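Here's the structure, in structure tokens; my notes come after.
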Amino acid sequence: EVQLQASGGGLVQAGGSLRLSCAASGFTFGDYEIGWFRQAPGKEREGVSCIRSSDGSTYYADSVKGRFTISSDNAKNTMYLQMNSLKPEDTAVYYCAAVRGSWSGDMTWAYGTNYWGKGTLVTVSS
């Protein structure tokens, strides 16, 4: 059974940093694409970043490019999202996810079974 558990959210001032972690079980990282989504109040969930299963390349949404870094420790089946220079507009519930297949270029569509973890709330104060 695929399970994902995100942690590391919290309250931080604008300009600060947080590192989110996602502990995964029930699958091998290399066989799935793994990534982060977020949903801000009143907005649709959006893809933030992912690691492509095809070649290990990374994708970042334009809104976080240069500030966020995704990484994984395959030995620990854990994925991370280092978030620097946080802005109030980064406030959202962050979800880690995995797809047995792939996401579209901007992570809008999942080509395969998508699995979700419970979210972790990130609040950035101005």
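All values below were derived from every heavy atom in this structure, side-chain atoms included, with hydrogens, water molecules and symmetry-related copies excluded. FYI, the numbering just counts along the sequence from 1. Computed from a predicted model, the values in this text were never measured in an experiment.
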Cut-off 3.5 Å, no hydrogens considered: what does the side-chain donor-acceptor table look like for residues 119-126, sequence neighbours left out?
{"from": "T120", "atom 1": "OG1", "to": "G9", "atom 2": "N", "distance (Å)": "3.0"}

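Between T78 and S21, the closest heavy-atom pair is CG2-CB, 4.5 Å. A pairwise comparison of heavy atoms in N74 and S72 identifies OD1-OG, 3.1 Å as the closest pair. For L18 against L86, the heavy-atom pair with the smallest separation is N-CD1, 3.9 Å. Nearest heavy-atom pair, A110 versus V99, reported as atom, atom and distance to 0.1 Å: CB-CG2, 4.1 Å. Here the shortest heavy-atom pairing between F37 and V48 reads C-CG2, 3.9 Å.
Rounding to the nearest 0.5 Å gives a distance of 10.0 Å between OH of Y115 and CG of L4. Here the OG1-CD distance, from T91 to Q39, works out to 14.0 Å after rounding to the nearest 0.5 Å. For the atom pair C50 SG and L81 CG, the distance stands at 11.5 Å (nearest 0.5 Å). In this structure, CD in E46 is found 5.0 Å from OG in S63, a value given to the nearest 0.5 Å. Taking CD from E33 and CE from M107, the interatomic distance works out to 8.0 Å, rounded to the nearest 0.5 Å.
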Begin from the C-alpha positions of F29 and N77 and carry the test side chain to side chain contact (heavy atoms under 4.5 Å, CB included) through to its verdict. CA-CA 7 Å; F29 268 14; N77 251 33; 3.8 Å; yes
As a quick check of understanding, evaluate side chain to side chain contact (heavy atoms under 4.5 Å, CB included) for V12 and M83, giving each step before the final call. CA-CA 11 Å; V12 63; M83 305 185 296; over 6 Å; no
Margin query: For Y59 and I51: C-alpha separation, side-chain torsions, deciding distance, then whether side chain to side chain contact (heavy atoms under 4.5 Å, CB included) applies.
Written below: CA-CA 7 Å; Y59 160 82; I51 299 175; over 6 Å; no
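Aromatic pair Y32/F27: centroids less than 6.0 angstrom apart. Ring centroids of W36 and F68 are separated by 6.0 Å or more, keeping the two rings apart.
Stacking of R52 on the aromatic ring of W103 is not recorded, the 6.0 Å distance cut-off and the 45° axial limit not both being met. Cation-pi geometry between R38 and Y95 is not met at under 6.0 angstrom from the ring centre and within 45 degrees of the axis.
Between the side chains of S71 and D73, not a single donor N or O lies within less than 3.5 Å of an accepting N or O. Between S17 and N84, the side chains place a donor N or O and an acceptor N or O closer than 3.5 Å (distance only, hydrogens not considered).
V93 and W116 fall within a single hydrophobic cluster, where Ile, Leu, Val, Met, Phe, Trp and Tyr side chains are chained together by heavy-atom contacts under 4.5 Å.
Partners of C96 by disulfide bond (SG atoms under 2.5 Å apart), not counting sequence neighbours, listed by chain and number: C22. Checked against side-chain hydrogen bond (donor to acceptor under 3.5 Å, both in side chains), K43 has no partners two or more places apart in sequence or in another chain.
Panel note: side chain S49, backbone Y60; no donor-acceptor pair is recorded below 3.5 Å.
By the neighbour-count criterion of 12 heavy atoms within 6.0 Å, atom CZ of R100 is sparsely surrounded, having that number or fewer from other residues, nucleotides or ligands.
Checked for salt-bridge contact, D62 and K65 meet the test: a charged N lies under 4.0 Å from a carboxylate O.
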